[in-house]
Amino acid sequence: MQKNVFWDFDGTLFDTYPIMVDSFADALEAMNIDEMEIDKYDILLTMRQHSLGTALQKFAAEFSINKEELSVIYHKFEKEDIVNAKPFLNVDKVLKMVADQGGKNYLLTHRDNFALNLLQDFNLKHFFADIVTKNQAFKRKPDPEALNYLIHKHNISRSDAMMIGDRKLDIDAAHNASIKGCLFDNNNIIESNGNPEIEINNYYDFLQKYFK
């Protein structure tokens, strides 16, 4: 088991995508798109297989609406709703197991410090040795800039490190930083996965496979 584990936040530590999809649908409705025309599963697929940016571009084009306006309205809804997000089942046990076996957890998130508030609310923040947020303005994944920053700062051996994320770009970022990648695909919808060294859809299996 790799001693140093780098974690993504959305869709990896916290089950935020259902909330993000609902907020996106609410934003489309606020821009006068009929509810019957909105396919939430298609929104989820686009966000998970690609990114929020891709979803904004795709659905703005599909419904002939302004992408920037959609983004502003979406983020307004999402900011109000995301406070209800909860961590995935057993993720706390994985974080604790890493620490108990002498390893360290690190977080890389494109969110601002709000992500830290959620970690604190669920008593998870103390498991992390260091955290990189949007406020530090590193290049977005799959660019490995944030990973390399933490690796250099903490003198981490790349052969002893792994990134856990829920999208191909997380695995690409890991490989671009010359570390292993673990894809957490809880709803089994990732088709192009970046060839991760490990692939799981729940953390119970992760505990059974990698901590026995």
Treat each ILVMFWY residue as a node, draw an edge where side-chain heavy atoms are under 4.5 Å apart, and state whether [X] and [Y] are in one component.
X    : Y    : value
I131 : F9   : yes
V132 : F114 : no
V5   : L116 : yes

Which value, rounded to the nearest 0.5 Å, describes the distance between [X] atom [atom1] and [Y] atom [atom2]?
X    : Y    : atom1 : atom2 : answer
I200 : Q208 : CD1   : CD    : 12.0 Å
F24  : H75  : CZ    : NE2   : 10.0 Å
R167 : Y17  : CZ    : OH    : 3.5 Å
N176 : E145 : CG    : CD    : 12.5 Å
R111 : N135 : CZ    : CG    : 13.0 Å
L13  : T109 : CG    : OG1   : 9.0 Å

Exercise. More than 12 heavy atoms of other residues, nucleotides or ligands under 6.0 Å from CD of E35: is that the case?
Worked result: no

For this session: Decide if atom CD of Q57 counts as having more than 12 heavy atoms of other residues, nucleotides or ligands within a radius under 6.0 Å.
Result: no

Exercise. Between F14 and F122, what is the ring plane arrangement, given parallel below 30°, perpendicular above 60°, and tilted in between?
Worked result: perpendicular

For this session: With side chain to side chain contact (heavy atoms under 4.5 Å, CB included) as the test, would you mind laying out the steps for I179 and I156 before giving the verdict?
Result: CA-CA 10 Å; I179 67 173; I156 294 168; over 6 Å; no

Side chain proximity check, [X] to [Y], heavy atoms < 4.5 angstrom:
X    : Y    : value
V91  : K86  : no
I164 : Y203 : yes
H110 : K141 : yes
F128 : L95  : yes
P87  : D92  : no
P142 : L169 : yes
R48  : N186 : yes

For this session: Test T12 against every option in D10, D8, D15 by the side chain to side chain donor-acceptor pair (under 3.5 Å) rule and name the one that passes.
Result: D8

Problem set entry | Stepwise ring pair (Phe, Tyr, Trp, His ring centres under 6.0 Å) test for F184 and F206 | CA-CA 10 Å; F184 174 66; F206 189 86; 9.1 Å; no

Exercise. Under 4.0 Å between a Lys/Arg side-chain N and an Asp/Glu carboxylate O for K104 and D130?
Worked result: no

Problem set entry | Under-4.0 Å salt bridge between K40 and D22 | yes

For this session: Compare every heavy atom of N123 with every heavy atom of H126, then report the nearest pair and how far apart it is.
Result: CE1-O, 3.0 Å

Exercise. With distance as the sole test, does H154 use its side chain to make a donor-acceptor pair with the main-chain N or O of L150 at under 3.5 Å?
Worked result: no

For this session: Please report the C-alpha distance between L147 and L108 in whole Å, then the side-chain angles of each, then the deciding distance to 0.1 Å, and finally whether the side chain to side chain contact (heavy atoms under 4.5 Å, CB included) criterion is met.
Result: CA-CA 8 Å; L147 275 170; L108 290 84; 3.8 Å; yes

For this session: I would like to know whether I151 and F6 meet side chain to side chain contact (heavy atoms under 4.5 Å, CB included); could you show each step before the answer?
Result: CA-CA 10 Å; I151 288 168; F6 299 89; 3.8 Å; yes

